[in-house]
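Letters go in sequence order (proteins before strands), and every chain restarts at 1.
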Protein chains: 2
Amino acid sequence: MPNIRSPDSTALDRGFHALADATRRGVIARLAQGEASVADLAAPYDMALPSFLQHVRVLEEAGLISTVKTGRVRTCRLEAERLAALNRWIAEYEAGWAARLDRLGDILDRKGDTQ
Amino acid sequence: MPNIRSPDSTALDRGFHALADATRRGVIARLAQGEASVADLAAPYDMALPSFLQHVRVLEEAGLISTVKTGRVRTCRLEAERLAALNRWIAEYEAGWAARLDRLGDILDRKGDTQ
DNA sequence: ACGAATGTTAGGCATATACCTAAGTAACTC
DNA sequence: GAGTTACTTAGGTATATGCCTAACATTCGT
């Protein structure tokens, strides 16, 4: 039986994985207010810079942020479109029309039992 | 300097982590069409059942699905509200008003260069 | 050119994740 | 009550993740 994995699954894998960490979500929240350097982004965290840089790379490889190095400063920017893509994946199932129909079915069944 | 992590971050951690895997996203997609047993859910995947069950547990601990055992069958259902909560987190930053302003700035700058 | 600022690379450690096989347990089915 | 079904538990391996320190590279200010 073939595996159901689709070829583009890694984009979602990386995207959601990138969001599954408070530090990285903090970076995104900060970048939503405008661009920032790595040092600026790292400042609130009690973490060695190399460790923090790893998080930045995870975000960049997920496409959630882009960075440019100018002189010795690397400036980071939020890539809202990629974030939107993740949101779209969720939205497709979040609507939950089927789930609601199931629940409606349950409710009707229960009504039938008691009346 | 204090760490910025908020106390409830584990809910988002677990939620997004749960979505960061194609098998688990497949389960969600399937459950969006209605309830299903573990065996039903596992059928499309070329994976030992214990391995698959781990994925189910990850989803359940993230609150993305709920399960009930009736007799020897465990039935799984999508918890759309939790999915919606993740979507809400993304939506807050996806809007990207700040990012758009930045880009608008870039565009205006470039216009200024060429005209 | 010298020192400080801003990353970056290299290497290492502890825990978590994703998979497996083998061996249960509990509940229908006959 | 014996077998089959549908999980479940136990235990093991390989890789990935998240953190660290130490040392290097580059650029900026004076």
Exercise. When you match His17(A) and Phe52(A) each to their closest nucleotide on DNA chain D, which lands nearer the 5' end?
Worked result: His17(A)

For this session: Measure from OH on Tyr45(B) to C1' on dC19(C) and round the result to the nearest Å.
Result: 16 Å

For this session: Would you check if Leu59(A) and Thr67(A) make a side-chain contact, meaning some heavy-atom pair closer than 4.5 Å?
Result: no

For this session: Please state whether the phosphate of dT8(D), meaning OP1 or OP2, lies under 4.0 angstrom from any side-chain nitrogen or oxygen of Lys69(B).
Result: yes

Exercise. Hey, does His17(A) have a side-chain heavy atom less than 4.5 Å from the side chain of Arg24(A)?
Worked result: yes

For this session: For residues Phe52(B) and Thr23(B), report the shortest heavy-atom separation together with the two atoms involved.
Result: CE1-CG2, 3.9 Å

Exercise. Where the side chain of Val38(B) is defined as all heavy atoms beyond and including C-beta, which of dC7(D), dA22(D), dT8(D) is the nearest nucleotide?
Worked result: dC7(D)

Problem set entry | Out of dC7(D), dA22(D), dG7(C), whichever nucleotide has its closest atom nearest the side chain of Pro50(A) | dA22(D)

Exercise. Are the side chains of Phe16(B) and Arg25(A) in touch, meaning some heavy atoms are under 4.5 Å apart?
Worked result: yes

Problem set entry | Integer-rounded Å distance: dT17(D) P and Asp13(B) CG | 15 Å

For this session: Give the rounded distance in Å between these two atoms: CZ of Phe16(A) and P of dT17(C).
Result: 18 Å

Exercise. Of the nucleotides dT8(D), dT8(C), dA18(C), which one has an atom closest to the side chain of Leu53(A)?
Worked result: dT8(C)

For this session: Check the pair Glu79(B), Ser66(B) against side-chain hydrogen bond (donor to acceptor under 3.5 Å, both in side chains), reporting the backbone distance first and the verdict last.
Result: CA-CA 7 Å; Glu79(B) 288 297 320; Ser66(B) 61; 2.9 Å; yes

Exercise. Does the side chain of Leu53(A) come within less than 4.5 Å of Val56(A)'s, by heavy atoms?
Worked result: yes

Exercise. Just how large is the angle between the end axes of the helix from dA1(C)-dT30(D) to dC30(C)-dG1(D), five pairs per end, to 10 degrees?
Worked result: 30°

For this session: By nearest nucleotide on DNA chain C, pick out whichever of Thr70(B) and Thr75(A) is the more 5' one.
Result: Thr75(A)

Problem set entry | Minimum-distance nucleotide to Met47(B) side chain [options: dC20(C), dC7(D), dT8(C)] | dC20(C)

Exercise. Could you give the CG-to-P distance, from Leu49(A) to dA4(C), as a whole number of Å?
Worked result: 18 Å

For this session: By nearest nucleotide on DNA chain D, pick out whichever of Gly71(A) and Gln54(B) is the more 5' one.
Result: Gln54(B)

Exercise. Between Leu12(A) and Leu19(B), is any pair of side-chain heavy atoms under 4.5 Å apart?
Worked result: no

For this session: Report yes if at least one side-chain N or O of Ser51(B) is closer than 4.0 Å to OP1 or OP2 of dA18(C); otherwise report no.
Result: no

For this session: Name the nucleic acid region contacted by Ala39(B), choosing base, sugar-phosphate or nothing; use a 4.0 angstrom heavy-atom cut-off, strictly under.
Result: sugar-phosphate

Problem set entry | Side-chain heavy-atom pair Leu64(B), Leu31(B) within 4.5 angstrom cut-off | no

Seminar exercise, completed: Ranking dC20(C), dA18(C), dT21(D) by distance to the side chain of Arg24(B), first place goes to dA18(C)

For this session: Look at Arg74(B) and dT8(D) and indicate whether a side-chain polar atom (N or O) is within less than 4.0 Å of OP1 or OP2.
Result: yes

Problem set entry | Protein-nucleotide distance (Asp21(A), atom CG; dT17(D), atom C1'), rounded to Å | 10 Å

For this session: Measure the distance from CZ on Arg25(A) to P on dG18(D) and round it to the nearest whole Å.
Result: 12 Å

Problem set entry | Quiz item: Arg72(A) side-chain donor-acceptor pair to dT27(D) base, under 3.5 Å | yes

Seminar exercise, completed: Among the nucleotides dT8(C), dC7(D), dT9(D), whichever has the atom closest to the side chain of Ser37(B) is dC7(D)

Exercise. How many Å lie between CZ on Arg14(A) and C1' on dA16(D), as a whole number?
Worked result: 13 Å

